[in-house]
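Notes for the one structure printed next.
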Amino acid sequence: MNKIWLMGAAVCMIVAFGSCKPKQSAYKAAYEQAKEKESTAPVEVVEETEEVVEVAPVSKPKTSTTTVTTTRTEKINPVQGEDASRLKRYSVVVGSFKNKTNAYSLKERMQNDGYNAVLGENEQGMLRVIVASFDDKADAAASRDAIKAKYAPNFQDAWLLERQY
């Protein structure tokens, strides 16, 4: 009889310690899965060019500063329903989205702030929220810098898009 009790106690202990092993949390599993997807996701190749532009400050006309203006070159088309005539060679992009709802929301916000925002779509399907478009790169860079200053700390990653035709 003691042997049966001893065997039963041993089985109970094995079951108890066997079920207490640490389990991976659902958060950690989701994080690992997202990291795996991120590492296997196709990388968007964007051609970048750099050009040095001299800009003279308004308050000190004799002194000039040098600013590096980086642009991305993409073939971009206006989203259906957008005015294609508002897209010129150089554009200021304040947001880039895969999700249409987010893109339209930011476009509406910028229109409420007085900008003629346009949505453009590149060949990879990314929606670009464009708030200003110019034929001259220096004008586009000045507009981008003004947006960064006006909305600081938001839109500090605003960038210039050179449209490929």
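Cation-pi geometry between Arg144 and Trp159 is not satisfied (NZ or CZ under 6.0 Å from the ring centre, within 45° of the ring normal).
At a threshold of 4.5 Å between non-hydrogen side-chain atoms, the residues Ile4 and Met7 do not count as touching. Proximity of Leu161 to Glu74: side-chain heavy atoms (C-beta onward) are separated by under 4.5 Å at one or more points. Taking the side chain as every heavy atom from C-beta outward, Tyr90 and Leu160 never approach each other to under 4.5 Å. Within the 4.5 Å cutoff, the side chain of Gln164 has no heavy atoms near those of the Arg89 side chain. Looking at heavy atoms from C-beta onward, Lys75 lies out of side-chain contact with Asn122 at the 4.5 angstrom threshold. Side-chain contact between Tyr104 and Glu108 is absent, with no heavy-atom pair separated by less than 4.5 Å.
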Checklist entry - Val94 and Ile147: side chain to side chain contact (heavy atoms under 4.5 Å, CB included), yes or no, with the steps? => result CA-CA 9 Å; Val94 293; Ile147 289 169; 4.0 Å; yes

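When every heavy atom of Leu106 is checked against every heavy atom of Gly95, the shortest pair comes out as CD2-CA, 3.9 Å. Here the shortest heavy-atom pairing between Gln124 and Lys98 reads O-NZ, 2.9 Å. Taking every heavy atom of both residues into account, Ala140 and Val92 meet most closely at O-CG2, 3.4 Å. Taking all atoms of both residues into account, the shortest heavy-atom contact from Ser96 to Met126 is OG-CE, 3.3 Å.
Put simply, the side chain of Arg163 gets close to the backbone of Ile76: a donor and an acceptor are under 3.5 Å apart. Looking only at distances, a side-chain donor or acceptor of Gln156 sits under 3.5 Å from a matching main-chain atom of Lys148. A donor-acceptor pair under 3.5 Å links the side-chain atoms of Ser133 to the main chain of Lys88, judged by distance alone.
With values rounded to the nearest 0.5 angstrom, Asn99 atom CG is found 9.5 Å from Ser105 atom OG. Separating the CE atom in Met110 from the CG atom in Asn116 is a distance of 11.0 Å, to the nearest 0.5 Å. To the nearest 0.5 Å, atom NZ of residue Lys137 and atom CG of residue Asp135 are 14.5 Å apart. Between Tyr115 atom OH and Ile130 atom CD1 the span is 15.0 Å, to the nearest 0.5 Å. Interatomic distance, CG of Asn77 versus CG of Leu119, reported as 13.0 Å (0.5 Å rounding).
Dense packing is recorded around NZ of Lys150, with more than 12 heavy atoms of other residues, nucleotides or ligands lying under 6.0 Å away.
With 3.5 Å as the limit, one finds a donor-acceptor pair spanning the side chains of Tyr151 and Asp113.
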